[in-house]
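Working notes for the structure below.
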Amino acid sequence: MKTIVLHVSAHESVMQALQSVPADHTGEIIIHIAPGFYYEKVTLDRPFLTLIGDSPETTVITFDDHANALMPDGLRRGTFRSYTMLIDAHDVCLKNLTVENASAPRSLAGQAIALYADGDRLVFDNCRFLGFQDTLFTGPLPEKEYQPGGFVGPKEFAPRINGRHYYHHCLIAGDIDFIFGSATAYFEDCEIRSVHNEELPREADGSTPVYGYITAASTPCGQSFGYVFHNCRLTGECPEKSVYLGRPWRDYAKTVFLSCRMDAHIKPEGFHDWDKTHARDLLFFGEYNSYGEGSAFVSRAPFVKNLSKIQADAYTREKVLGGTDHWNPSLL
C-alpha cells in the first residue's frame, strides 16, 4: 500500500488533513506540520501514522478543555474528555512538536490532559507535553473506576489492551500525577519538569508542603513492567523537598528510575503510598544509580527498592518494550 504524505500549513488544521485520507487507506500516513500554533482538539485513530513538526518550540498543538468545565447536560467534563490530543491506534509516532493543555487558571481547571495515548508501539521523539494535573495519560484505563462515572470519555467501554510506549528526548511538564496510567512506558533521555502550583496541604507531621507527584501508575496485576525512566533529568520550579517521584493509582503500580538526575525538589522519601498501606507489598517502586540533590536513597520510604546493577540490567529498553513481537522502537 502506498504511503500518503501530507503537509499542513499554519492556517490549516491537523484534523482536516487526517480527514482527507481515504477511509479505505491502510498504509502509512505521514503528516508534516509547519511551524504555528494549532488551536484544536485532535484525534489520531488510524494506525501507521506519523506527525512531524518543525520543532517542539515552533509547532504547537494546544487546547484548553479541563475536568471542571460543565458540559451541555450540566455534568462536569471529567478527566478523560479533557485531552488536547487522543491517540487511539497502534504504530503511531510524534516527532518535533508540542502537545499542550493550556487550561487556566490552574486552581479552577482541575485535571487537564494534554496527551491521551492509548495504543501499542507508540513512539514520541523530541516532543513536549505541557500541562499541570494529569498532563500525560498512558492508557488504557484501569478495569474499574473508584467512583461511578469516573471514566466517562472516549475509551470508557473499550477493551483494556495494554500497549508499549517509547518517549525519547521529550519534555513532560506538570504538577500532580502528571504521568499516569497503565501502559508499559519507557522514558529515555527525557526532562521531567515539576511546575509550580498552589501548594497542597502539609504532611500530617507539619513538614514541607507537597507541591506535586510525578507519576501515578496503574500497572495491572501480572504486567511485567510499568514506567521506566532511564537517564532522565528531574527538574523543578518547586521548593526543596516538595515533590514525590510517584504514588500508586492502583495497587500493583510499577515505577523505576535508572541513572536519573534528581534536583533538590524531590522529597527524601521518594515515593508516597497514597495512604494505601496494604499496597506496599503489591507495588514496585525502585531506583538505581540516582544522583543529584534529590537522590539521597538513605532517606527513601521503606517500601522503595534500591536496585542492584543485576536487577537494573533487567530494565533495558529492549527487555521492557520487546514483548512477544520483539519490538525495537526506531527513531526517524
Side-chain angles (χ1 to χ4, degrees), residues 1-5 25-31 43-53 85-97 99 115-127 129 136-142 155 158-172 179-190 192 215 217-232 252-260 284 286 288 307 310-332:
M1 178 64 70
K2 182 180 178 182
T3 297
I4 292 179
V5 180
H25 179 75
T26 58
E28 186 179 17
I29 304 166
I30 300 174
I31 300 179
T43 297
L44 309 181
D45 57 2
R46 307 186 65 145
F48 309 109
L49 171 65
T50 298
L51 296 187
I52 305 177
M85 178 182 288
L86 167 66
I87 297 176
D88 185 13
H90 60 80
D91 296 288
V92 172
C93 176
L94 304 186
K95 184 179 178 66
N96 299 340
L97 54 82
V99 180
L115 176 65
Y116 185 142
D118 194 352
D120 192 25
R121 299 185 297 273
L122 307 184
V123 175
F124 308 92
D125 183 28
N126 194 36
C127 292
F129 305 107
L136 170 61
F137 176 54
T138 66
L141 293 160
K155 304 300 295 289
R160 307 308 200 242
I161 300 173
N162 286 77
R164 294 158 292 172
H165 304 181
Y166 180 49
Y167 298 82
H168 174 259
H169 199 256
C170 292
L171 166 63
I172 306 164
I179 303 172
F180 74 116
S182 304
T184 294
Y186 203 90
F187 302 83
E188 192 161 39
D189 299 325
C190 293
I192 312 299
T215 66
S218 54
T219 317
C221 178
Q223 183 168 297
S224 298
F225 302 102
Y227 291 155
V228 178
F229 296 83
H230 175 236
N231 197 34
C232 292
Y252 292 89
K254 293 182 178 180
T255 303
V256 172
F257 288 85
L258 308 172
S259 300
C260 292
F284 191 94
Y288 171 73
L307 304 179
I310 292 176
Q311 290 172 314
D313 286 344
Y315 291 91
T316 64
R317 174 161 47 92
E318 294 77 11
K319 292 176 181 177
V320 171
L321 298 178
T324 57
D325 59 357
H326 308 291
W327 182 51
N328 184 17
S330 60
L331 305 175
L332 296 178

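Positions are given from 1 along the sequence. Just so it is clear, the values below take in all heavy atoms, side chains as well, and ignore hydrogens, waters and symmetry mates.
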Q: Measure the CG-SG distance between Leu94 and Cys170 for me, rounded to the nearest 0.5 Å.
A: 8.5 Å

Q: To the nearest 0.5 angstrom, please state how far the OH atom of Tyr186 sits from the NZ atom of Lys319.
A: 10.5 Å

Q. Any sub-3.5 Å donor-acceptor pair from Thr219's side-chain atoms to Ser182's backbone N or O?
A. no

Q) Are the ring centres of His230 and Phe257 closer than 6.0 Å? A) no

Q: For the pair Arg164 and Asp325, evaluate side chain to side chain contact (heavy atoms under 4.5 Å, CB included) and give the outcome as yes or no after the intermediate values.
A: CA-CA 12 Å; Arg164 294 158 292 172; Asp325 59 357; 2.7 Å; yes

(Q) With a 3.5 Å distance limit and no angle check, can you tell me whether Arg46 reaches the backbone of His25 through a side-chain donor-acceptor pair? (A) yes

Q) When the aromatic ring centroids of Tyr288 and Tyr315 are compared, is their separation below 6.0 Å? A) no

Q: Verify the distance criterion only: is there a donor paired with an acceptor across the side chains of His168 and Tyr166 at less than 3.5 Å?
A: no

Q) Roughly how far apart are Asn96 CG and Cys127 SG, rounded to 0.5 Å? A) 7.0 Å

Q.
How long is the straight-line distance from CD1 of Ile179 back to CG of Leu115, given to the nearest 0.5 Å?
A. 11.0 Å

Q. Hey, does the side chain of Arg160 reach the backbone of Pro140 with a donor-acceptor pair shorter than 3.5 angstrom?
A. no

Q: Answer yes or no: are there more than 12 heavy-atom neighbours, outside His90 itself, under 6.0 Å from its atom NE2?
A: yes

(Q) With heavy-atom distances below 4.5 Å as the criterion, would you say the side chains of Leu49 and Ile87 are in contact? (A) no

Q) Can you tell if the side chain of Asn162 reaches within under 4.5 Å of the side chain of Thr184, non-hydrogen atoms only? A) no

Q: For Phe124 and Ala117, work out which heavy atoms get closest and say how close.
A: CZ-CB, 4.1 Å

Q.
Let me confirm one number: the CG-CG distance from Leu86 to Asp118, rounded to the nearest 0.5 Å.
A. 7.5 Å

(Q) Distance check, rounded to the nearest 0.5 Å: Asp313 atom CG versus Leu258 atom CG? (A) 9.5 Å

Q.
Using every non-hydrogen atom in the two residues, find where Lys155 and Leu141 come nearest and quote the distance to one decimal.
A. O-CD1, 3.6 Å

(Q) I need the minimum non-hydrogen distance between Ala183 and Gly139, along with the two atoms involved. (A) CB-O, 3.2 Å

Q | Side chain to side chain, Arg317 and Pro329, heavy atoms closer than 4.5 Å | A | yes

(Q) Given 3.5 Å as the limit, does a donor-acceptor pair link the side chain of Lys95 with the main chain of Val123, or not? (A) no

Q. Between Thr255 and Phe229, is a side chain to side chain contact (heavy atoms under 4.5 Å, CB included) present by the stated rule, with each step listed?
A. CA-CA 8 Å; Thr255 303; Phe229 296 83; 4.0 Å; yes

**Q.** Leu97 to Gly53 - nearest heavy-atom pair and separation
**A.** CD2-N, 4.1 Å

Q. Will you find, in the side chains of His169 and Asn126, an N or O donor that is under 3.5 Å from an N or O acceptor?
A. yes

Q: Taking all heavy atoms of Leu122 and all of Ala89, pick out the closest pair and write down the distance.
A: CD2-O, 3.4 Å

Q: Could you pull out the closest heavy-atom pair between Leu44 and Met85, with the gap in Å?
A: CD1-SD, 3.9 Å

Q.
Students often mix this up, so state it plainly: with edges at 30° and 60°, are the rings of Tyr167 and Phe129 parallel, tilted or perpendicular?
A. perpendicular

Q | Residue pair His165 / Leu136, side-chain heavy-atom distance below 4.5 Å | A | no

Q: Decide yes or no for Thr3 and Ile30: does some side-chain heavy atom of the first lie under 4.5 Å from some side-chain heavy atom of the second?
A: yes

